[in-house]
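These notes concern the structure reproduced below.
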Amino acid sequence: MHRGVLTAADDPLVVDLGYGATPITAVELHARVRAVRPDARVVGIEIDQARVDAAADAVTDGLSFARGGFELAGLRPVVIRAFNVLRQYDEKAAADGWQTMREGLQGNGILLEGTCDEVGRRAAWVTLGPEGPRTLTLAAAVDHLDRPSSLAERLPKALIHHNVAGSPVHRLLRELDRAWDAAAPLGTFGNRQRWAAMCAGLQWEQVGRRRDGELTVPWPTVA
Ligand SMILES: C[S@@+](CC[C@H](N)C(=O)[O-])C[C@H]1O[C@@H](n2cnc3c(N)ncnc32)[C@H](O)[C@@H]1O
């Protein structure tokens, strides 16, 4: 779904915001985007200068690092990845961070803002354009998934405090569990089959891919 954003970009600049103690996510992102756009540049941006210094050894053709925050060190990327960054902010500051990053995007750019667990088996992210949030994606390594609602702990800051009975995102997670339970017989063939059956039986508007362990819904249905 996002591949086209990168392939169509006049300036294929990608930012990994808040890459952390090691530059590994930026290094992996660089490899992946270069497979799609060999002329792409990835810049890892960190607010912590020591982490920028520590990434110096990873600098290579098309991969560099800079100190900065939500203002993106003055860069104008077509894609921003910001994972496990906004969790440490309160809701208002996270919303302000969204806005500042959206304003820094190229006209057709996207911001992917989300959280995942340490080993990447559970993740949730919001895809935003310059105009605002578009979709919520939930993703799981389904072989390790007990129930879809266990993804709740990975909801982005904008939703996690709103996951209470009666709220749209709470209804989505309940509906996922209902459809997951209804698909239990498919579990005989493995959780991938069960996930696919859950998606097929889900009474919720879905957009984009329904790949193994990944489900994307329109933002207005959960906001
Ligand atoms: C938990 S680590 C996330 C590491 C990595 N993104 C990941 O998903 O594993 C959060 C990082 O975000 C950085 N950070 C926090 N606020 C930031 C901001 N406004 N701009 C850039 N980096 C920020 C912190 O210094 C920290 O290194």
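Below, all heavy atoms of this structure are taken into account, side chains as well, without hydrogens, waters or symmetry copies. The shown structure was predicted, so the numbers you read here are calculated from the model rather than taken from an experiment. Counting starts at 1 for both ligands and their atoms, following the listed order.
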Identity and separation of the nearest protein heavy atom to atom 2 (S) of ligand 1:
N84 O, 3.9 Å

For atom 12 (O) of ligand 1, closest protein heavy-atom neighbour:
G18 CA, 3.5 Å

Considering only heavy atoms of G68, which atoms of ligand 1 have at least one such atom less than 4.0 Å away?
20 (N), 21 (C)

Proximal ligand 1 atoms for R51, defined as those under 4.0 Å from one of its heavy atoms:
26 (C), 27 (O)

Under 4.0 Å between a Lys/Arg side-chain N and an Asp/Glu carboxylate O for E153 and R122?
yes

Please list, in number order, the atoms of ligand 1 under 4.0 Å from a heavy atom of G20.
4 (C), 27 (O)

Enumerate donor-acceptor pairs with a distance under 3.5 Å from any side-chain N or O in residues 50-65 to protein atoms, sequence neighbours excluded.
residue, atom, partner, partner atom, Å
D53, OD1, Q49, NE2, 2.8
D61, OD2, R34, NH1, 3.1

Can you tell me which residue and heavy atom of the protein come closest to atom 14 (N) of ligand 1, and the distance to 0.1 Å?
I47 CG2, 3.8 Å

Considering only protein heavy atoms, which is closest to atom 25 (O) of ligand 1, and at what distance to one decimal place?
E46 OE1, 2.8 Å

With a 4.0 Å cut-off on N to O distance, would you call R147 and D181 a salt bridge?
yes

When you check the gap from the basic side-chain N to the acidic O, do R121 and E118 get nearer than 4.0 Å?
no

Does only the side chain of R87 get under 4.0 Å from ligand 1, or the backbone, or both, or neither? Count heavy atoms.
neither

Just to verify, what does D96 make a side chain to side chain contact (heavy atoms under 4.5 Å, CB included) with, not counting sequence neighbours?
K92

Y19 heavy atoms within 4.0 Å reach ligand 1 at atoms 4 (C), 5 (C), 6 (N)

Identify the closest protein heavy atom to atom 20 (N) of ligand 1: which residue and atom is it, and at what distance?
G69 CA, 3.2 Å

One should read off an interatomic distance between N191 CG and H144 NE2, to the nearest 0.5 angstrom, of 10.0 Å

Separation of H2 NE2 from L112 CG (nearest 0.5 Å):
5.0 Å

Among all protein heavy atoms in this structure, tell me which lies nearest to atom 17 (C) of ligand 1, with the distance rounded to 0.1 Å.
Y89 OH, 3.4 Å

Nearest-0.5 Å distance, CG of residue L202 to CG of residue L215:
6.0 Å

